[in-house]
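Read through the structure below, which is laid out as structure tokens, and then see the notes.
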Amino acid sequence: MMPGRPLACIVGPTASGKSAVAEQVALLISGEIVSIDAMQIYRSMDIGTAKVPPEQRLRPLHMVDVCAVDENYSVERFQAEARACIDALLAQGIPPVLCGGTGLYLNAVIDEMDFPSGYRGDERRARYEELARTEGAAYLHGELARRDPASAEAIHPNNVRRTIRALEMCDEGASYAASLTSLHRRAPHYPARIFGLDVPRDLLYRRIDRRVDEMFDAGLVGEVEQLASRGLSARTTAGQAIGYKEILKALSGAMTMDEARAAIKTNTRRYAKRQLSWFRHDERVTWIDMGDASVRSAAQRIAQEVEHAAL
RNA sequence: GGCUGGGUAGCUCAGUUGGUAGAGCAGGGGACUGAAAAUCCCUGUGUCGGGGGUUCGACUCCCUCCCCAGCCA
């Protein structure tokens with residue numbers, strides 16, 4: 001890690017203009033952008049993840065296109081790879097500009113968080129999933145309560161996914177509850193200045209609607225069809241991305257393409273809401289109201305604050 | 001102009017023999033350590049179209065006006 005200058009981090013809900021601001025910031029401080037996005041990770045998921053096309057990039061963009069769609073990525077892997085990428089930039093004296101909307105990934109990189117490494121048994125997970133199906137969520141949660149009461153306490157019985165993860169951790173001799181460290185007690189891995197782009201809700205939603213329509217115009221359906229032939233499906237992590245899962249469903253005949261389009265819009269709105277609730281609880285975030293700040297002025301302010309903090 | 005249906009939460013609609021309303025969707029809030037664009041939790045007060053009347057009390061009955069749809073002229 002580089003003493004002095006903190007990492008510039010640009011976060012916010014989808015469609016708030018993060019990419020544009022990050023590019024301007026990178027331009028101003030001669031930095032390079034490190035994407036913090038769980039779906040832009042995947043190769044060829046371009047239109048639906050609103051990835052900045054290579055020919056339009058003003059500065060190099062990292063941590064994008066590093067995984068195939070039929071492969072499942074993970075936070076643990078992101079933490080290691082993004083940190084390696086950041087360290088390499090710092091070693092060259094290039095300031096990284098982190099930009100993205102995946103809260104967990106951001107924290108995994110800039111904060112001290114341990115994702116105990118070890119073998120992740122897919123067949124064991126399948127067994128737990130089967131148990132949840134046959135015996136019910138309550139049974140599985142009861143099992144967790146028996147083996148690790150503290151974790152069961154921390155996880156709602158309906159949250160099958162977390163319950164399974166906690167059981168897996170038991171199997172590995174770890175504890176979900178014990179690994180949880182509240183945000184304010186976590187030590188930073190990198191000094192960072194986090195900026196959140198805030199857009200008035202109604203404006204944000206109008207932008208989301210417009211952007212979804214633009215994605216369709218740009219050929220999103222064709223992109224999904226192509227990826228489906230390369231292994232993208234509802235069972236893969238990439239196939240759960242908004243924009244992709246709905247179109248996969250429409251392609252299979254489960255809904256019309258118009259219904260898929262509408263579903264993408266509402267799912268994106270909800271996603272934006274979840275992103276806001278994640279970033280709002282982080283007191284380090286400095287919010288910039290994009291309702292009255294231009295991309296340029298926001299970028300100038302960020303660049304200035306990051307450079308000023310270097311003193 | 002006449003007849004018939006309708007006008008109840010942002011939308012689609014319920015509403016029992018008159019006791020000032022409730023569902024779905026949308027929306028809002030929140031949680032979050034190996035799938036995170038995922039997963040999960042919490043959340044329903046609105047001039048019951050306007051005005052008048054009957055009544056202890058009207059979304060519910062009566063009158064009148066306005067608006068929408070369909071049919072007839």
Side-chain angles (χ1 to χ4, degrees), chain A residues 13-15 35-42 45 48-51 67 69 71-81 100-122 124-126 128-129 132 137 141 151 153-169 171-172 174-183 185-186 189 201-202 204-205 208-209 211-212 215 233-248 259 262-282:
Chain A
T14 185
S35 166
I36 307 290
D37 188 301
M39 292 301 164
Q40 292 195 6
I41 281 293
Y42 296 102
M45 286 180 54
T49 64
K51 212 178 274 171
C67 184
V69 290
E71 205 184 325
N72 295 331
Y73 206 74
S74 68
V75 212
E76 176 199 20
R77 207 175 135 187
F78 185 79
Q79 182 182 55
E81 294 175 10
T102 306
L104 179 63
Y105 279 23
L106 200 237
N107 290 117
V109 170
I110 68 171
D111 297 333
E112 223 45 271
M113 287 177 81
D114 283 331
F115 297 97
S117 60
Y119 176 64
R120 180 156 47 118
D122 287 335
R124 181 176 58 196
R125 176 165 294 183
Y128 281 130
E129 282 169 348
H141 194 263
S151 293
E153 186 67 30
I155 299 170
H156 188 98
N158 289 350
N159 203 338
V160 174
R161 202 144 160 154
R162 290 252 168 86
T163 303
I164 290 176
R165 172 87 273 261
L167 284 166
E168 289 173 344
M169 290 179 79
D171 294 338
E172 290 162 11
S175 163
Y176 176 89
S179 71
L180 292 173
T181 331
S182 62
L183 191 60
R185 292 186 49 217
R186 266 177 229 154
H189 182 79
R201 198 61 68 92
D202 54 331
L204 183 69
Y205 284 4
I208 286 172
D209 288 350
R211 189 154 89 164
V212 171
M215 285 176 177
S233 82
R235 287 189 306 282
T236 57
T237 299
Q240 289 173 20
I242 297 167
Y244 295 83
K245 62 176 167 211
E246 298 86 351
I247 289 178
L248 282 172
E259 286 170 338
I264 291 168
K265 288 176 181 174
T266 87
N267 288 337
T268 304
R269 272 184 235 127
R270 289 174 169 168
Y271 171 48
K273 220 156 58 88
R274 272 177 270 134
Q275 288 176 300
L276 282 167
S277 109
W278 181 287
F279 294 121
R280 271 193 297 229
H281 83 167
D282 191 335

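Letters go in sequence order (proteins before strands), and every chain restarts at 1. Worth saying up front: this structure is predicted, and the values here are computed from it rather than measured.
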Could you list all N or O pairs between the protein and nucleotides 27-29 of chain B that sit under 3.5 Å apart?
unit_1: B:G27; atom_1: OP1; unit_2: A:Arg269; atom_2: NH1; d: 2.9
unit_1: B:G27; atom_1: OP2; unit_2: A:Arg270; atom_2: NE; d: 3.4
unit_1: B:G28; atom_1: OP1; unit_2: A:Arg201; atom_2: NH1; d: 2.7
unit_1: B:G28; atom_1: OP1; unit_2: A:Tyr205; atom_2: OH; d: 2.7
unit_1: B:G28; atom_1: OP2; unit_2: A:Tyr205; atom_2: OH; d: 3.1
unit_1: B:G28; atom_1: N7; unit_2: A:Lys273; atom_2: NZ; d: 3.2
unit_1: B:G29; atom_1: OP1; unit_2: A:Arg201; atom_2: NH2; d: 3.2
unit_1: B:G29; atom_1: OP2; unit_2: A:Arg201; atom_2: NH1; d: 3.1
unit_1: B:G29; atom_1: OP2; unit_2: A:Arg201; atom_2: NH2; d: 3.4
unit_1: B:G29; atom_1: N7; unit_2: A:Lys273; atom_2: NZ; d: 3.2

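Side chain of A:Tyr244 to backbone of A:Gly48: a donor-acceptor contact under 3.5 angstrom is found. Side chain of A:Thr268 to main chain of A:Ile208: no donor-acceptor pair is present (N/O by atom type, distance under 3.5 Å, no hydrogens or angles).
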Review point. Which string of ( ) [ ] | and . matches RNA chain B, if you list each base 5' to 3' and count Watson-Crick or G-U pairs only when both distances are under 3.5 Å?
Key: (((((((..((((.....[..)))).(((((.......))))).....(((((..]....)))))))))))).

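Across the C1' atoms, B:A35 and B:C68 are found 50 Å apart, a figure rounded to whole Å.
Whole-Å rounding puts the A:Arg161 CZ to B:A37 P distance at 11 Å. At whole-Å resolution of the value, CE in A:Met45 and P in B:A36 are 11 Å apart. Following rounding to the nearest Å, A:Asn107 (CG) and B:A31 (C1') show an atom-to-atom distance of 14 Å. To the nearest angstrom, P of B:A38 lies 13 Å from CH2 of A:Trp278. The CZ atom of A:Arg124 sits 15 Å away from the C1' atom of B:A35 (whole-angstrom rounding). In this entry the distance linking CG of A:Leu248 with P of B:A38 reads 14 Å, nearest Å. Rounded to an integer number of Å, the gap from A:Ile155 CD1 to B:G30 C1' is 17 Å. Atom CZ in A:Phe78 sits about 17 Å away from atom P in B:A38, given to the nearest Å.
Of the candidate nucleotides B:A37, B:U39, B:C41, B:C41 has the atom nearest to the side chain of A:His156. Residue A:Lys245 has its side chain nearest to B:A38 when only B:A35, B:A38, B:A36 are considered. Candidate nucleotides B:C41, B:A31, B:A36 were compared by shortest atom distance to the side chain of A:Thr102, and B:A36 ranks first.
Between A:Tyr105 and A:Phe78, the two ring planes are parallel [angle under 30°; tilted spans 30° to 60°].
Taking the salt bridge (Lys or Arg N to Asp or Glu O under 4.0 Å) definition, one finds that A:Arg186 meets it with A:Asp111, sequence neighbours left out.
For the OP1/OP2 pair of B:C41 and a distance below 4.0 Å, the side-chain nitrogens and oxygens of A:Asn158 include at least one atom meeting the criterion. Taking 4.0 angstrom as the limit, A:His281 places none of its side-chain polar atoms (N or O) nearer than this to OP1 or OP2 of B:G30. Side-chain N/O atoms of A:Arg274 include none lying less than 4.0 angstrom from OP1 or OP2 on B:A37.
With the nearest nucleotide of RNA chain B identified for both A:Asn267 and A:Ser179, A:Ser179 has the one nearer the 5' end. RNA chain B is contacted by both A:Ser182 and A:Tyr271; A:Ser182 maps to the nucleotide lying nearer its 5′ end (nearest heavy atom per residue).
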Exercise for review: Under the side-chain hydrogen bond (donor to acceptor under 3.5 Å, both in side chains) rule, what do A:Arg211 and A:Thr14 come out as? Steps first, then yes or no, please.
Suggested key: CA-CA 10 Å; A:Arg211 189 154 89 164; A:Thr14 185; 2.7 Å; yes

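Counting any heavy atom pair closer than 4.0 Å across all strands shown, A:Thr237 reaches sugar-phosphate atoms only and no base atom. Within 4.0 Å (heavy atoms only), A:Thr268 reaches no atom of the nucleic acid at all.
Taking only distance into account, the side chain of A:Arg165 never meets the base of B:A38 through a donor-acceptor pair shorter than 3.5 Å.
In summary, A:Arg125 and A:Glu168 engage in a salt bridge, as defined by a charged side-chain N under 4.0 Å from a carboxylate O.
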